[in-house]
Amino acid sequence: MINPILALIIANLIWGAASPIFKYALQNIPPFTLAFIRFFFAGLIFLPLAVFRWQKLSRSDFFHILLIGFFGVTINITFFFLGLPKTDSINAPIIASSGPIFIYLFSVLFLKEKPKLKVFLGMLTALAGVLIIILSPIFVDNKKIIIGEIEGNLFFLLATFGAVLQTVISRPVMKKINPYQVSFISFIFGGLTFFPLMARELERWRFSQLAVNGWVGIIFGVLFSSALAYFLFYYGLSKIQAQEAGLF
């Protein structure tokens with residue numbers, strides 16, 4: 001099987017490329033329609049693998065996998081897509097680098113992982129940079145730009161909190177349940193949470209309006225940013241500590 005460090009590197013390279021690609025796609029397709037398609041169909045990709053390696057779940061395990069889907073898909077993707085139109089797409093992965101400091105704290109407090117000073121100091125550096133990015137619009141003269149960009153940056157920060165909680169909750173689950181099953185359940189559940197919002201968008205938008213940029217977002221979202229990247233992330237997380245996974 002692939003080296004867990006390499007798996008996490010590949011996953012984060014894919015997610016690093018996601019912001020400009022999805023910003024391009026959202027010029028054609030509504031955000032929650034794209035989110036539903038992205039995760040529901042990515043979940044279906046994992047269905048055969050999940051069935052083949054299905055493990056019996058306790059109520060606690062099933063509940064925790066639903067929480068992974070809620071925080072990692074619903075919360076993370078909702079605020080990520082809401083932030084994209086309001087600020088520069090490059091800000092998303094930069095602000096996401098604040099995640100490790102929270103993962104570090106939560107993993108020490110709740111997962112009882114041993115604190116590592118070098119990791120903590122590195123994360124403080126990342127957090128300082130993130131604060132500069134979030135507040136950078138105050139140096140712009142146009143007040144509308146200031147409000148919009150700060151709002152977009154704060155949406156990205158809320159998306160990061162979703163990813164952080166997903167990582168912390170995933171760690172004990174991935175020690176017991178295979179990543180195919182976790183991906184399938186969390187994707188289907190997370191995708192279905194977007195369905196009511198997609199239904200409202202479809203009152204004003206039709207699939208017949210899909211253009212090249214919309215298809216680019218769907219293909220990249222389903223195959224790469226969801227199916228491949230999340231699987232590699234869950235696999236890597238099952239092999240190393242949460243605070244180390246957060247560094248990537």
Side-chain angles (χ1 to χ4, degrees), residues 1-26 31 34-35 37-39 41-43 45-46 49 68-69 71-73 75-77 79-81 83-84 87-104 107 119 122-123 125-127 129-130 133 152-153 155-157 159-168 170-171 174 179-180 182-183 186-187 190 212-213 215-248:
M1 193 64 178
I2 189 172
N3 182 287
I5 293 177
L6 180 60
L8 289 168
I9 290 173
I10 294 173
N12 282 278
L13 284 173
I14 294 171
W15 286 332
S19 299
I21 292 174
F22 285 131
K23 188 160 187 171
Y24 173 68
L26 291 176
L34 176 57
I37 295 172
R38 174 184 169 185
F39 285 97
F41 286 96
I45 290 174
F46 283 105
L49 296 168
I68 291 171
F71 288 113
V73 176
I75 297 299
N76 176 259
I77 300 303
F79 287 108
F80 173 71
F81 278 174
L84 275 178
T87 189
D88 295 332
S89 60
I90 190 63
N91 288 3
I94 295 175
I95 291 173
S97 64
S98 66
I101 187 66
F102 302 111
I103 292 175
Y104 178 89
S107 64
V119 174
M123 291 175 179
T125 304
L127 182 61
V130 166
I133 292 296
N153 290 341
F155 281 151
F156 285 154
L157 187 61
T160 300
F161 273 115
V164 166
L165 291 172
Q166 171 204 24
T167 303
V168 174
S170 296
R171 172 63 179 169
M174 299 308 301
Y180 304 108
V182 173
S183 298
S186 62
F187 282 9
V212 172
N213 42 351
W215 278 111
V216 167
I218 289 173
I219 294 170
F220 178 81
V222 172
L223 297 180
F224 296 99
S225 190
S226 294
L228 180 59
Y230 275 86
F231 170 76
L232 291 173
F233 174 76
Y234 289 149
Y235 172 76
L237 188 62
S238 70
K239 303 297 182 182
I240 66 176
Q241 290 188 331
Q243 58 181 287
E244 293 174 339
L247 283 173
F248 290 88

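Only heavy atoms go into these numbers, but all of them, side chains included; no hydrogens, no water, no symmetry mates.
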Trainee: Do Tyr230 and Phe187 have their ring centres less than 6.0 Å from each other?
Mentor: yes
Trainee: May I ask you to decide if Gly221's main-chain N or O and Ser226's side chain share a donor-acceptor pair within less than 3.5 Å?
Mentor: yes
Trainee: Distance check, rounded to the nearest 0.5 Å: Ile75 atom CD1 versus Thr160 atom OG1?
Mentor: 12.5 Å
Trainee: Does any part of the side chain of Phe156, heavy atoms only, come nearer than 4.5 Å to the side chain of Leu84, both counted from C-beta?
Mentor: yes
Trainee: Kindly give the heavy-atom pair with the smallest separation between Ala11 and Phe233, and that separation in Å.
Mentor: CB-N, 4.1 Å
Trainee: Using every non-hydrogen atom in the two residues, find where Gly236 and Leu8 come nearest and quote the distance to one decimal.
Mentor: CA-CG, 4.0 Å
Trainee: Could you grab the distance from atom CZ of Phe39 to atom CG of Leu34, nearest 0.5 Å is fine?
Mentor: 9.0 Å
Trainee: Hey, could you give me the CG/CD1 distance between Asn213 and Ile21, rounded to the nearest 0.5 Å?
Mentor: 12.0 Å
Trainee: Just how far is it from atom CG of Leu13 to atom CG of Leu6, taken to the nearest 0.5 Å?
Mentor: 9.5 Å
Trainee: Do you know which two heavy atoms are closest between Ala35 and Ile77, and how far apart they sit?
Mentor: CB-CG2, 4.0 Å
Trainee: Can you measure from OG (Ser186) to CZ (Phe71) and round to the nearest 0.5 angstrom?
Mentor: 13.5 Å
Trainee: In chain order, what residues pass the side-chain contact (heavy atoms from CB on, under 4.5 Å) check against Leu49, with sequence neighbours excluded?
Mentor: Phe46, Tyr180
Trainee: If every non-hydrogen atom of Pro179 is compared with every non-hydrogen atom of Phe231, which pair is closest and at what distance?
Mentor: CG-CE1, 3.6 Å
Trainee: So does Ala159 get a backbone contact from the side chain of Asn76, meaning a donor-acceptor N/O pair under 3.5 Å?
Mentor: yes
Trainee: Would you please name every residue forming a side-chain contact (heavy atoms from CB on, under 4.5 Å) with Leu228, sequence neighbours left out?
Mentor: Ile14, Phe224, Leu232
Trainee: CD1/Ile219 to OG/Ser225 distance, rounded to the nearest 0.5 angstrom?
Mentor: 13.5 Å
Trainee: To check you understand the geometry: which heavy-atom pair defines the closest contact between Tyr235 and Asn3, and what is its length?
Mentor: CE2-C, 4.5 Å
Trainee: Please find out if less than 6.0 Å separates the ring center of Phe22 from that of Phe220.
Mentor: yes
Trainee: Who pairs with Tyr234 by side-chain hydrogen bond (donor to acceptor under 3.5 Å, both in side chains), at least two apart in sequence or on another chain?
Mentor: Gln166
Trainee: Okay, side chain of Trp15, backbone of Ala229: is any donor-acceptor separation there less than 3.5 Å?
Mentor: no
Trainee: Starting from the C-alpha separation in whole Å, work towards a yes-or-no answer on side chain to side chain contact (heavy atoms under 4.5 Å, CB included) for Ile218 and Arg38.
Mentor: CA-CA 6 Å; Ile218 289 173; Arg38 174 184 169 185; over 6 Å; no
